[in-house]
Protein chains: 2
Amino acid sequence: MEKYRKSESALSALSALAQEHRLAVFRLLVQAGPEGLAAGDIAEKLDLPASSLSFHLSHLKQGGIVGVERQGRSIIYRADFAAMNELMAYLLENCCAGSDRPSPALSEFESKGEAA
Amino acid sequence: MEKYRKSESALSALSALAQEHRLAVFRLLVQAGPEGLAAGDIAEKLDLPASSLSFHLSHLKQGGIVGVERQGRSIIYRADFAAMNELMAYLLENCCAGSDRPSPALSEFESKGEAA
DNA sequence: TCAATATTTCGATAATACTGGAAATATGGA
DNA sequence: TCCATATTTCCAGTATTATCGAAATATTGA
């Protein structure tokens with residue numbers, strides 16, 4: 001258990017995604033799957049200057065939703081699916097709740113989780 | 001059908017949520033449920049100056065994830081659960097994909113949807 | 001060791017976002 | 001109509017984020 005699911009990490013993941021180029025990069029990485037993509041490939045596909053892309057990649061890394069690994073001369077980025085799932089779980093618990101939800105029951109649960 | 005689910009709207013919903021105070025406001029509105037909350041109540045609960053809160057509320061409104069309605073002297077804000085569900089659907093389709101996903105099949109589907 | 005490749009870091013600039021007091025707007029009640 | 005309440009809009013100041021060329025750093029292969 002002990003899923004962290006704190007607002008703090010959700011927030012940094014959200015800010016990582018909340019930018020045109022970064023959302024595009026992340027979607028590309030999701031499509032690429034576990035193999036990931038080299039920074040250069042991303043730059044080419046999205047037609048972004050290397051230094052700008054690097055700025056955004058480091059933001060995605062900070063947000064905890066991509067992983068990095070050097071592979072020879074290239075640096076491979078991959079989507080962190082586990083982190084993305086945690087973000088989804090956070091949003092589901094804290095930001096969703098159909099009109100058919102069991103009143104404030106769920107919110108009490110979440111505020112308890114948040115306290116720690 | 002014709003779910004919009006475009007990157008553009010996902011992006012504005014994401015930027016709406018990707019800010020400490022706005023995420024807090026939205027969570028509060030989710031807890032409040034369909035009844036919503038008056039701006040003043042939100043300001044009090046989160047201890048935010050009225051003008052700052054108003055700035056953030058308009059951002060949430062722009063992002064399409066809250067609804068507004070005047071009720072006497074107060075202005076009631078409520079979480080737009082349908083919009084939130086659309087965001088979740090977008091993220092699920094475009095930003096998730098377990099390692100057990102059917103290769104690039106899903107991504108082809110989504111790029112077709114995006115074209116329009 | 002040297003040159004070529006891949007990427008990041010630096011630094012300067014521009015653009016955007018956030019903050020909060022004060023003034024403006026809308027509403028309801030006396 | 002006049003006053004109190006609720007909220008927004010305006011505005012200026014501050015802070016954060018984005019952009020991208022140039023220089024710096026790694027890595028590989030000759």
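By convention in this document, chain letters (A, B, ...) are assigned in the order of the sequence lines, proteins followed by strands, and residues within each chain are numbered from 1.
- Atom pair B:Ile75:CD1 and D:dT5:P shows a separation of 17 Å (rounding to whole Å applied).
- In this structure, B:His59 places its NE2 atom 14 Å from P of D:dT9, rounding to the nearest Å.
- Map A:His21 and A:Arg70 each onto its nearest nucleotide of DNA chain D; the residue landing nearer the 5' end is A:His21.
- At C:dT8, one or more side-chain N or O atoms of A:Tyr77 fall inside 4.0 Å of OP1 or OP2 (strictly under the cut-off).
- Rounded to an integer number of Å, the gap from B:Asp47 CG to C:dG20 P is 10 Å.
- When all heavy atoms of A:Tyr77 and A:Ile42 are compared, the pair lying nearest together is CB-CD1, 4.4 Å.
- Residue-level contact check: B:Ser74 touches the backbone only, with heavy atoms under 4.0 Å from sugar-phosphate atoms and none from bases.
- Side chains of A:Val30 and B:Asn94 form no contact here, defined as non-hydrogen atoms less than 4.5 Å apart.
- Distances shown here put a side-chain N or O of A:Ser52 below 4.0 Å from the OP1 or OP2 atom of D:dC20.
- For the pair A:Phe55 CZ and D:dT16 P, the interatomic distance rounds to 13 Å; values are reported in whole Å.
- Atoms CG (B:Leu14) and P (C:dA17) sit 14 Å apart, rounded to a whole Å.
- Using a 4.0 Å cut-off, no side-chain N or O of B:His56 falls inside it from OP1 or OP2 of C:dA17.
- In terms of modelled atom types and a separation under 3.5 Å, the side chain of A:Ser54 and the main chain of A:Ala50 share no donor-acceptor contact.
- No donor-acceptor distance shorter than 3.5 angstrom exists from the side chain of A:Arg22 to the backbone of A:His56, with no hydrogens or angles considered.
- For the pair A:Ser51 and D:dC20, the criterion of a side-chain N or O lying under 4.0 Å from OP1 or OP2 is not met.
- Atom pair B:Glu44:CD and D:dT7:C1' shows a separation of 15 Å (rounding to whole Å applied).
- Looking at the side chain of A:Arg22, the nearest of the listed nucleotides C:dT19, D:dA18, D:dT8 is D:dA18.
- Note on A:Ala43: nothing from the nucleic acid sits closer than 4.0 angstrom, heavy atoms only.
- Distance CZ (A:Arg73) to C1' (C:dT8): 16 Å, rounded to an integer number of Å.
- Remark: side-chain polar atoms of A:Arg70 are paired, donor with acceptor, to backbone N or O of A:Gly72 under 3.5 angstrom.
- Nearest nucleotide to the side chain of A:Gln19, out of D:dT8, C:dT7, D:dA18: D:dA18.
- The distance from atom CG of B:Leu46 to atom P of C:dT19 is 12 Å, rounded to the nearest whole Å.
- Distances were taken from every side-chain heavy atom of B:Ala39 (C-beta onward) to each of C:dC18, C:dA26, D:dT7; the shortest belongs to D:dT7.
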